[in-house]
Trainee: 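A single structure is presented below for examination.
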Amino acid sequence: MTFKNLKAGDSVRVMKINGQGALKRRIMDMGITKGTEIHVRKIAPLGDPVEVTVRGYELSLRKEDAEIIEIIKL
């Protein structure tokens, strides 16, 4: 499952980060790593960006970045 299927208010856990190189490193540098809980705060009308809460801070993810993160709904 990826962020495409989520609604505002959902909570998820990161299972895996697909991708490689600089993109994967940038996602991990934001604090999104395997096992991290993420709360979806807002989703823009066209789905880009997605505003989430990760490790106590708010973060906006572009749609293309969010799609490489495999998640499971809590």
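Throughout, residue positions are numbered sequentially from 1 according to the sequence presented. Because the structure is predicted, anything quoted here is derived from the model rather than measured.
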Trainee: Could you tell me the separation between the CG atom of Leu59 and the OG1 atom of Thr53, rounded to the nearest 0.5 Å?
Mentor: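 If I round to the nearest 0.5 Å, the distance is 9.0 Å.
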Trainee: In Å and rounded to the nearest 0.5 Å, what is the CD1 to OG1 distance from Ile71 to Thr36?
Mentor: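 Answer rounded to 0.5 Å: 12.5 Å.
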Trainee: Distance check, rounded to the nearest 0.5 Å: Leu6 atom CG versus Lys73 atom NZ?
Mentor: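 So the gap between those two atoms works out to 6.5 Å.
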Trainee: Could you go step by step and tell me if Ile38 and Asp10 meet the side-chain contact (heavy atoms from CB on, under 4.5 Å) rule?
Mentor: CA-CA 8 Å; Ile38 297 175; Asp10 288 344; over 6 Å; no
Trainee: Other residues, nucleotides and ligands only: do more than 12 of their heavy atoms fall within 6.0 Å of CE on Met15?
Mentor: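 Result for CE/Met15: open.
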Trainee: Can you confirm whether Val50 sits close enough to Val40 that some side-chain heavy atom of one is under 4.5 Å from a side-chain heavy atom of the other?
Mentor: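 Yes, their side chains come closer than 4.5 Å.
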Trainee: Within a strict 4.5 Å, meaning less than it, do heavy atoms of the Val12 and Ile72 side chains meet?
Mentor: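 The answer is no, as the side chains (C-beta and beyond) never meet within the 4.5 Å cut-off.
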Trainee: Please say whether more than 12 non-hydrogen atoms of neighbouring residues, nucleotides or ligands are located less than 6.0 Å from CZ in Arg25.
Mentor: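 Counting neighbours around CZ of Arg25, 12 or fewer heavy atoms of other residues, nucleotides or ligands fall under 6.0 Å, so no.
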Trainee: Check the surroundings of atom CG in Leu74: do more than 12 heavy atoms from other residues, nucleotides or ligands lie under 6.0 Å from it?
Mentor: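 Count over threshold, so yes.
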Trainee: Does Arg41 use its side chain to pair, donor to acceptor, with the backbone of Glu51 at less than 3.5 Å?
Mentor: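 No, because the side chain of Arg41 does not come within donor-acceptor range (under 3.5 Å) of the backbone of Glu51.
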Trainee: Within this structure, what is the CD1-CE distance for the pair Ile17 and Met28, rounded to the nearest 0.5 Å?
Mentor: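 Spacing of CD1 (Ile17) from CE (Met28) equals 5.5 Å.
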Trainee: Tell me whether Asp65 is salt-bridged to Arg62, with the criterion being a basic N under 4.0 Å from an acidic carboxylate O.
Mentor: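 A salt bridge links Asp65 with Arg62.
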Trainee: Return yes if a side-chain donor-acceptor contact under 3.5 Å exists between Arg55 and Thr33, otherwise no.
Mentor: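 Short answer, yes.
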Trainee: Answer yes or no: is there a donor N or O on one side and an acceptor on the other, between the side chain of Asp48 and the main chain of Lys63, under 3.5 Å?
Mentor: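 Such a contact is found between Asp48 side chain and Lys63 backbone.
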